[in-house]
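Down below is the structure, laid out as structure tokens.
For ligands, and for the atoms within them, numbers begin at 1 and follow the listed sequence. Keep in mind the model is a prediction, meaning the values are calculated, not measured. Note that the numbering runs from 1 along the sequence shown for the chain.
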Amino acid sequence: MEAVAEPRRVQTLVDAGISRLPSRYIQPLELRPDPRRCGIDVGGIPVIDLSLSAGDPVPAIACASRDWGAFQVVNHGVSSRLLEEMKSVGSSFFSSPMEAKLRFACDPRSPASEGYGSRMLSNDDGVLDWRDYFDHHTLPVSRRNPSRWPDFPTNYRDTILEYSDGIKKLAQTLLHMISQSVGLPPSYIEDAVGEVYQNITVSYYPPCPQPELALGLQSHSDMGAITLLIQDDVPGLEVLKDDEWAVVHPLSGAIVVILSDQTEVITNGQYKSAVHRAIVNDHRPRLSVAAFYDPSKTRKIYPAPQLVTKNSPRKYREVLYGDYVSSWYSKGPEGKRNIDALLI
Ligand code: OGA
Ligand code: NI
């Protein structure tokens with residue numbers, strides 16, 4: 001078997017003390033974050049209170065889903081103790097010595113393999129993201145193999161397990177509300193997705209010597225049904241709205257909800273998946289934890305027949321989710337070109 005060189009982690013470059021960005025990480029001019037707008041508040045995505053006393057959240061979810069494809073939720077029922085513990089074990093892993101981290105390296109030959117990595121695509125000859133990550137396969141339970149997850153700090157594996165279960169429940173509650181908000185039965189999207197495939201990705205964005213030239217994560221929409229993300233107190237996540245990048249302000253205890261491509265297909269385009277990206281800075285590392293709620297690869301996804309009418313004709317072709325994923329990994333994530341290929 002041909003030996004495959006272990007690809008670099010961004011952390012290695014930072015530890016080596018580089019002061020200029022290596023060319024592989026320099027974004028073309030038109031994709032760089034706009035330095036004039038850096039740090040300017042253009043208003044954030046909506047924040048929705050899910051506590052019973054706040055009243056019915058469905059109308060607010062309808063608005064936010066239609067206008068932004070993303071929102072934050074508070075009083076969502078996942079304890080802040082668990083959110084903090086999840087970020088804390090992630091952060092301990094990334095601040096551990098490289099040697100210890102590489103014991104859990106992902107397989108550089110196969111895309112989306114579990115473990116510690118940096119490059120998303122195996123045949124990646126484009127511009128690289130200024131990001132390292134750890135990807136965990138957490139659901140269905142048959143995909144779970146905690147021995148592939150870090151064993152330090154000692155509560156790492158238990159925290160992932162608890163987080164996986166807690167966030168799955170919240171994702172299902174949100175999918176119920178999203179279904180209701182377009183007039184579908186509450187369990188419609190959950191049933192259309194079938195057995196959930198959940199991946200949890202901890203992303204670590206080290207300080208970048210020339211942040212105005214780089215992106216932590218290039219512009220994309222997520223490929224599954226819904227993504228729930230938590231972040232530390234360092235801003236960096238941005239959502240595209242009316243051709244402007246809006247900062248997703250870190251809000252203690254909040255969870256960011258991002259509608260993904262299959263929800264766009266199932267709602268026949270009533271809701272669009274949110275195009276988002278992560279920018280970096282030169283003084284503080286940033287950590288986020290994304291939980292992806294995806295269909296199985298054998299699932300066929302298509303617009304809900306109830307939402308296809310004379311006035312709103314069918315917009316997307318049926319797709320086998322596994323084919324969608326393969327195409328995503330061969331074309332790369334840029335913008336929305338993957339879902340655009342399904343347009344009728
Ligand atoms: C992702 C993602 C954003 C972030 O992992 O798909 O969009 O802030 N992450 O890390
Ligand atoms: Ni994303």
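- Of all atoms in ligand 1, listed by their number and element, those nearer than 4.0 Å to a heavy atom of Leu237 are 3 (C), 8 (O).
- Remark: of the listed residues Ile255, Val47, Val256, Ile61, Ile61 is the sole one forming a side-chain contact (heavy atoms from CB on, under 4.5 Å) with Phe71.
- Nearest non-hydrogen protein atom to atom 8 (O) of ligand 1 is Arg286 NH2, 2.9 Å.
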- Query: Phe104 and Phe152: side chain to side chain contact (heavy atoms under 4.5 Å, CB included), yes or no, with the steps?
  - Reply: CA-CA 11 Å; Phe104 297 97; Phe152 55 91; 3.7 Å; yes
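- Taking Asp15 as the reference, nothing meets the salt bridge (Lys or Arg N to Asp or Glu O under 4.0 Å) condition, with sequence neighbours excluded.
- At a 4.0 Å cut-off, not a single heavy atom of Thr227 sits close enough to ligand 1 to count as contact.
- Side-chain contact between Pro28 and Leu31 is present, with heavy atoms from C-beta onward closer than 4.5 Å.
- The shortest separation from a heavy atom of Gln231 to ligand 1 is not under 4.0 Å, leaving the residue out of contact.
- Shown here is Arg20, whose CZ atom has no more than 12 heavy atoms of other residues, nucleotides or ligands within 6.0 Å.
- Of the protein's non-hydrogen atoms, the one nearest atom 9 (N) of ligand 1 is Leu217 CD2, 3.4 Å.
- Among all non-hydrogen protein atoms, the one lying nearest atom 4 (C) of ligand 1 is Tyr205 OH, 3.2 Å.
- Remark: at the Ni ion (ligand 2), atom NE2 from His276 and atom OD1 from Asp222 enclose 100°, rounded to the nearest 10 degrees.
- Interface of His220 with ligand 1, defined as ligand atoms under 4.0 Å from a residue heavy atom, comprises 1 (C), 2 (C), 6 (O), 7 (O).
- When each atom of ligand 1 is checked for a heavy atom of Phe292 under 4.0 Å away, the hits are 1 (C), 5 (O), 6 (O).
- Applying the 4.0 Å criterion to heavy atoms of Asp222 picks out, from ligand 1, the atoms 6 (O).
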- Message: Under the criterion ring-ring contact (aromatic ring centres under 6.0 Å, His included), I'd like the reasoning laid out for Phe134 against Tyr204: C-alpha separation, chi angles, the key distance, then a yes or no.
- Response: CA-CA 8 Å; Phe134 200 107; Tyr204 178 76; over 10 Å; no
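- A ring-centre distance under 6.0 Å is not found for Tyr133 and Tyr116.
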